[in-house]
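This report concerns only the one structure given below.
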Amino acid sequence: MSSRSVNPSAPSPTPEGPGRITPAPLPLGRLWVKPVALFLVFTAIGVLLTASSHPVYGAVMLAFGAFMAFWTSPLRRGLHEPLTQALTRRTDGHGIILWAPSNKGSAQMQVALRSNDDRFSWVNVVHDADARTLTAELGGLDALPIVLVGERTLVRATSGEAIDAVDGVAPKH
């Protein structure tokens with residue numbers, strides 16, 4: 001699924017004000033589906049292994065399941081900078097990435113882009129109310145990851161598109 005640019009001339013997000021429509025809140029409960037499923041599957045495998053005289057393998061599966069459930073859950077803070085702080089650095093050479101745990105596109109982008117890359121700020125929408133509002137305005141959780149570069153806004157962006165936007169490469173139509 002490729003990204004699409006959303007109103008490239010739109011101004012930066014602004015606080016609530018007259019005439020502003022407040023979007024519906026994000027369904028953050030949906031982010032718990034994958035972690036709970038992982039935990040249940042690995043717990044079942046661990047119990048089956050333990051019951052079939054393989055307690056060490058069962059314990060390994062339980063531990064791995066617990067780790068994966070935490071890693072993909074909203075409990076994991078991950079890379080995060082408050083949106084209001086990140087927006088002060090919004091330029092043509094700096095990207096702001098809005099992401100969420102257990103979002104496939106967000107996970108792929110985190111793997112592809114190094115966390116110490118100064119060209120990007122990472123905003124976890126689960127831990128930032130302003131980021132949740134902006135995400136809801138741009139299409140909700142299905143729009144993640146969202147990349148803001150200068151006046152451009154990319155939804156469902158890939159790491160390549162984020163790098164191209166920060167490096168000033170014109171978007172392909």
Side-chain angles (χ1 to χ4, degrees), residues 1-6 13 22-83 85-86 95-149 153-166:
M1 190 182 304
S2 65
S3 71
R4 62 183 175 88
S5 187
V6 176
T22 304
L26 292 177
L28 294 180
R30 194 173 92 185
L31 293 174
W32 282 99
V33 172
K34 187 183 290 183
V36 169
L38 282 168
F39 183 73
L40 292 175
V41 166
F42 280 100
T43 298
I45 293 170
V47 168
L48 289 172
L49 285 169
T50 302
S52 63
S53 301
H54 293 81
V56 173
Y57 295 132
V60 168
M61 286 292 116
L62 287 170
F64 184 70
F67 170 75
M68 288 305 296
F70 169 74
W71 192 256
T72 60
S73 79
L75 296 175
R76 182 174 70 93
R77 191 164 182 85
L79 301 170
H80 178 65
E81 178 178 337
L83 181 62
Q85 179 181 337
I96 301 166
I97 301 170
L98 280 67
W99 70 281
S102 80
N103 175 272
K104 181 181 176 183
S106 297
Q108 290 171 341
M109 190 170 288
Q110 285 183 338
V111 168
L113 301 176
R114 294 190 322 231
S115 61
N116 62 354
D117 191 338
D118 292 336
R119 298 178 298 169
F120 297 101
S121 297
W122 295 82
V123 180
N124 184 336
V125 300
V126 174
H127 297 286
D128 192 300
D130 293 330
R132 282 192 302 275
T133 301
L134 179 58
T135 301
E137 290 174 1
L138 294 173
L141 294 174
D142 293 331
L144 294 174
I146 297 169
V147 179
L148 309 172
V149 178
T153 300
L154 300 171
V155 298
R156 292 185 299 278
T158 65
S159 56
E161 291 166 338
I163 292 169
D164 286 348
V166 166

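Fair warning: this is a prediction, and the values are worked out from it, not measured in the lab.
Across H127 and H80, no two heavy atoms sit closer than the pair O-NE2, 4.0 Å. The heavy-atom pair separating E81 from S121 by the smallest distance is OE1-OG, 3.3 Å. Taking both residues in full, the closest heavy atoms of P145 and I97 are given as CB-CG2, 4.4 Å, listed atom of the first, atom of the second, then distance. The two atoms that bring M109 and S159 nearest to each other are CE-N, 3.7 Å, heavy atoms only. Here the shortest heavy-atom pairing between V125 and A100 reads CG2-CB, 3.7 Å. Taking all atoms of both residues into account, the shortest heavy-atom contact from V123 to A86 is CG2-CB, 4.0 Å.
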Side chain to side chain contact (heavy atoms under 4.5 Å, CB included) for L38 and F70? Distances and angles first, verdict last.
CA-CA 10 Å; L38 282 168; F70 169 74; over 6 Å; no
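Remark: T135 OG1 to D142 CG distance equals 11.5 Å, nearest 0.5 Å. Atom CG of L113 sits about 5.0 Å away from atom CH2 of W122, to the nearest 0.5 Å. Distance CG/L134 to OG1/T153: 7.0 Å, rounded to 0.5 Å.
No side-chain heavy atom of N103 sits less than 4.5 Å from a side-chain heavy atom of L141. Side-chain contact check for L148 versus L98: some heavy-atom pair is nearer than 4.5 Å.
Of the possible donor and acceptor atoms, none in the side chain of D130 sits under 3.5 Å from a partner among the backbone N and O of L83. With hydrogens and angles ignored, the 3.5 Å screen pairs a side-chain donor or acceptor of R132 with a backbone N or O of V126. Remark: side-chain polar atoms of Q85 are not paired, donor with acceptor, to backbone N or O of P82 under 3.5 angstrom.
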Show every donor-acceptor pair shorter than 3.5 Å between a side-chain atom in residues 52-68 and any protein atom, with sequence neighbours excluded, or say none if there are none.
residue : atom : partner : partner atom : Å
S52     : OG   : L48     : O            : 3.0
S52     : OG   : L49     : O            : 3.1
H54     : ND1  : S52     : O            : 2.7

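The number of heavy atoms from other shown groups lying within 6.0 Å of CZ (F42) is above 12.
The side-chain hydrogen bond (donor to acceptor under 3.5 Å, both in side chains) test applied to N124 returns no partner, not counting sequence neighbours.
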